[in-house]
Amino acid sequence: MQWRDNGLGFSPVTIVLHWMVAALLVAILGLEIAMAAGPERAADMAADTGLAEVQNLLGLVLFLVSIYRFYARITSFHPLPVGTPNPVEVIVSRSVAAALALAMVLLPAAVWLSRAAGGEAVVLPGGHALPRLIDPAPGLKALVDTLFAIGGTAFLAGLALHLFGAWKNHVVLKTPAVQRMLGKHVEL
């Protein structure tokens, strides 16, 4: 069984973690929307229902999985592209994939740092809390929040490029790139 990516394909570990990260992102964003769409007392409601704690737990899992994914991304061979891709598109797609993997480590860490700088604890279900990274510092919180906004915007742009590339390969070019990320064996 192939445990690491190679020039011919993605490993089952990479495929499972790719879709796990996608599911975690959808769940985290869905919880954020649910908490923001509530009544005027959305923050109180979120605290009462435990949605914020669940979101924090999902963010922690995302952070831990993403550390491994980024490490694997920079230490493994990336599979050869399918079809006859444009070399510029290959460079862009691989750069975007590496940037997304890095962002999945940095953005949750920025949330953790921002909360610590704001004097908040990152509370998990069951009342457990992550340790504060630093003492409260309002100036640092403002800086980290600004950097998070910039990084989040760049992440969303990269995610849009990633989804566009998958759509283009699957619908327009009709290459088996998406099938490969679903675990199917494809011919290069």
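When a residue number appears, it is its place in the shown sequence, counting from 1. For clarity, every value in this text was computed on a predicted model and none was experimentally measured.
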Practice problem: Kindly work out whether a path of hydrophobic side-chain contacts (I/L/V/M/F/W/Y, heavy atoms less than 4.5 Å apart) joins Val186 to Val90. | Solution: no
By salt bridge (charged side-chain N to carboxylate O under 4.0 Å, His left out), Glu89 pairs with (sequence neighbours left out) Lys168
Taken to the nearest 0.5 Å, the spacing of Thr14 OG1 from Tyr68 OH works out to 6.0 Å
| said: Strictly distance-based, threshold 3.5 Å: is any side-chain N or O of Ser76 a donor or acceptor partner for the main-chain N or O of Arg73? | reply: no
Does the side chain of Thr75 pick up a donor-acceptor pair with the side chain of Arg4 at under 3.5 Å?
yes
With a 3.5 Å distance limit and no angle check, can you tell me whether Ser114 reaches the backbone of Ala110 through a side-chain donor-acceptor pair? no
Between the CG atom in Leu57 and the NE2 atom in His128, the distance rounded to the nearest 0.5 Å is 10.5 Å
- request: Check whether any side-chain N or O of Trp167 sits under 3.5 Å from a backbone N or O of Val172 as a donor-acceptor pair, and report yes or no.
  value: no
Looking only at heavy atoms, the pair that brings Ala116 and Leu133 closest together is CB-N, 3.7 Å
Correct closest heavy-atom pair for Pro108 and Ala103 would be CD-O, 3.8 Å
So, the side chain of Asn169 versus the backbone of Thr175: is there a donor-acceptor pair under 3.5 Å, distance only? no
Item checked: Cluster check Leu130, Leu64: I/L/V/M/F/W/Y, side chain < 4.5 angstrom -> yes
Quick note, salt bridge (Lys or Arg N to Asp or Glu O under 4.0 Å) partners involving residues 112-141, not counting sequence neighbours, are Lys141-Asp145
So salt bridge (Lys or Arg N to Asp or Glu O under 4.0 Å) across residues 8-21, not counting sequence neighbours, yields none
Sorted by chain and residue number, the salt bridge (charged side-chain N to carboxylate O under 4.0 Å, His left out) partners of Lys184 (sequence neighbours excluded) come out as none
Heavy-atom closest pair (Ser11 atom, Asp5 atom, distance to 0.1 Å) is N-OD1, 2.9 Å
Those residues at least two apart in sequence (or on a different chain) that pass ring-ring contact (aromatic ring centres under 6.0 Å, His included) with Phe10 are His78
Enumerate donor-acceptor pairs with a distance under 3.5 Å from any side-chain N or O in residues 15-37 to protein atoms, sequence neighbours excluded.
from: Trp19; atom 1: NE1; to: Met181; atom 2: O; distance (Å): 2.8
from: Glu32; atom 1: OE1; to: Gln55; atom 2: NE2; distance (Å): 3.0

If you define the side chain from C-beta out and look only at heavy atoms, does anything of Phe63 sit under 4.5 Å from Val111? no
Heavy-atom nearest pair, Leu107 first then Met104, reads CD1-CE, 4.5 Å
Q. When clusters are formed by joining ILVMFWY residues with side-chain heavy atoms under 4.5 Å apart, either directly or through shared neighbours, do Leu113 and Ile150 land in the same one?
A. no
Checklist entry - Among the clusters formed by ILVMFWY side chains lying less than 4.5 Å apart, do Ile74 and Leu106 turn up in the same one? => result yes
On a heavy-atom basis, the closest approach of Val105 and Ser66 is CG2-O, 3.3 Å
Shortest non-hydrogen pair, Ala98 vs Phe70, comes out as O-CE1, 4.0 Å
The reported gap from CG in Leu124 to CG in Leu60 (rounded to nearest 0.5 angstrom) is 6.0 Å
Out of curiosity, does Val61 fall in the hydrophobic cluster containing Leu51 (side-chain heavy atoms, cut-off under 4.5 Å, transitive links)? yes
Separation between CD (Glu187) and CG (Leu8), nearest 0.5 Å, reads 9.5 Å
Taken to the nearest 0.5 Å, the spacing of Ile67 CD1 from Leu62 CG works out to 10.0 Å
